[in-house]
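Here's the structure, in structure tokens; my notes come after.
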Protein chains: 2
Amino acid sequence: MPRKVDHRERRELLADALMRLAATRGLEAVSLRHVAAEAGVSTGMVQHYFRTKDEMMGFALEMVMDRIEERSRAALTPGSPREIVRALLLQILPLDETRRLEGHVGLAFLAYAAVKPAMAVGLREAADGMRGFLADQVRAAAGPGVDPDRAATGLLALVDGLGLQLLSRQFGEEDAVAALDAQLDLVFGQS
Amino acid sequence: MPRKVDHRERRELLADALMRLAATRGLEAVSLRHVAAEAGVSTGMVQHYFRTKDEMMGFALEMVMDRIEERSRAALTPGSPREIVRALLLQILPLDETRRLEGHVGLAFLAYAAVKPAMAVGLREAADGMRGFLADQVRAAAGPGVDPDRAATGLLALVDGLGLQLLSRQFGEEDAVAALDAQLDLVFGQS
DNA sequence: CACTTTACATTGCGACTGTATTGTCTCGTG
DNA sequence: CACGAGACAATACAGTCGCAATGTAAAGTG
């Protein structure tokens with residue numbers, strides 16, 4: 001075997017360039033040539049690591065989801081269910097610049113996946129897992145009149161919606177956090 | 001002046017074709033030729049009514065927003081604030097096929113507007129107006145511990161998030177309505 | 001030292017894009 | 001009835017797209 005190169009590393013380098021492009025100029029600006037230029041390599045190299053454009057898109061999407069999951073796992077701190085849920089959901093909100101970038105990429109992919117169903121299954125599974133985890137936490141600590149599954153669905157939808165509006169800068173970060181806390185109050189009871 | 005043609009009508013015909021295309025095959029499939037073919041006309045005619053592609057996109061986006069606003073206005077029925085809010089938010093959720101289609105188009109435009117800021121201002125204004133109206137309704141009838149502005153933000157974000165997940169068929173329509181009702185319970189107090 | 005496999009770079013092709021140009025037909029007005 | 005303006009249609013153009021083919025350099029293995 002000749003020249004040893006870390007495939008995973010190269011692909012992540014290219015996917016990073018793709019994300020930068022998608023966030024600043026939209027998914028429609030993502031082409032083999034543009035990704036190559038953004039990464040500072042030749043288009044031939046991009047083709048070498050991704051046999052087709054769809055393969056590149058799929059890899060980038062998976063990478064975004066992996067990063068979110070990784071950050072979520074890192075935010076898993078011991079505490080009350082409410083604290084756990086809050087820490088988790090705060091990781092999903094685009095509250096800093098890197099997460100804003102990922103959020104834009106995610107939004108672009110969401111619209112992309114709406115048309116390419118093959119891309120949607122991963123997103124669905126991730127959301128289902130998150131919903132299940134949230135429901136467990138709510139079940140453990142919520143008030144008596146609260147349906148855990150519905151509350152989890154509501155929390156996830158709220159964070160999605162807040163994230164959407166944060167991306168279009170409809171209000172500040174502290175407002176979004178306040179809205180989330182208000183919702184947590186409603187679900188877990190005022191503390 | 002020669003041959004009289006209703007400009008508005010023709011443009012809406014073309015924008016309808018554009019929406020069908022955007023919903024089924026994504027905004028990336030929207031080209032002058034495709035829109036023309038979908039509408040069953042020549043590309044020259046499309047150019048005649050829209051001098052540029054961006055102009056066509058902008059018109060279609062405005063049309064989508066107008067339709068949502070029109071439907072919302074039609075749903076304005078006399079009743080308690082909670083009933084008014086519920087009826088209004090139910091119009092935003094993609095609960096039937098035509099609204100699913102519009103939802104997909106809206107999602108595509110959301111991602112599009114994230115990159116073309118000129119398109120985003122209209123979306124922002126519409127959301128602000130809606131938020132203000134919701135806040136007024138909440139202020140008129142909510143419990144004492146509820147901040148109207150925050151509750152309005154939460155409701156709008158919830159509906160956005162629910163709509164997003166409805167579009168990707170993550171759960172049934174009745175679940176989304178149930179989640180909305182649960183939230184209304186929390187905001188307006190159990191009835 | 002051969003030899004093969006991998007890692008790229010370069011180039012070319014056909015299809016498609018938005019836009020500009022030009023032509024034709026048809027109507028309403030003077 | 002002439003005529004000019006609007007309503008299209010057809011085509012051309014430069015650019016970009018994904019992808020395939022081909023070439024070259026380097027490194028590990030026998």
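So that the names make sense, note that chain A is the first sequence line, chain B the second, and so on, each numbered from 1. These figures come from a predicted structure and were not determined experimentally.
Checking D:dC19, D:dA7, C:dT19 against the side-chain heavy atoms of A:Lys53 singles out D:dC19 as nearest. The B:His7 side chain lies nearest to D:dA7 when the options are D:dA7, C:dT19, D:dA9. Nearest to the side chain of A:Gln47, among D:dA20, C:dG18, D:dC17, sits D:dA20. Comparing C:dC8, D:dA9, D:dC19 against the side chain of A:Ser42 picks out C:dC8 as the nearest.
Contact annotation for A:Arg33: base contact, defined as any heavy-atom pair under 4.0 Å involving a base atom. Among the protein residues, A:Val46 comes within range of no part of the nucleic acid, since none of its heavy atoms lies under 4.0 Å from any strand. At the heavy-atom level, B:Thr52 lies under 4.0 Å from the strands shown only through sugar-phosphate atoms.
For the pair A:Ser31 and D:dC17, the criterion of a side-chain N or O lying under 4.0 Å from OP1 or OP2 is met. OP1 and OP2 of C:dC8 both lie 4.0 Å or more from every side-chain N or O belonging to A:His48. Between A:Arg51 and D:dA20 there is no side-chain N or O to OP1 or OP2 distance below 4.0 Å.
Whole-Å rounding puts the B:Arg11 CZ to D:dG6 C1' distance at 15 Å. One can place CG of A:Leu14 at 13 Å from P of C:dA7, the figure rounded to the nearest angstrom. Here the C1' atom of nucleotide C:dT17 and the CE atom of B:Met56 are 12 Å apart, to the nearest Å.
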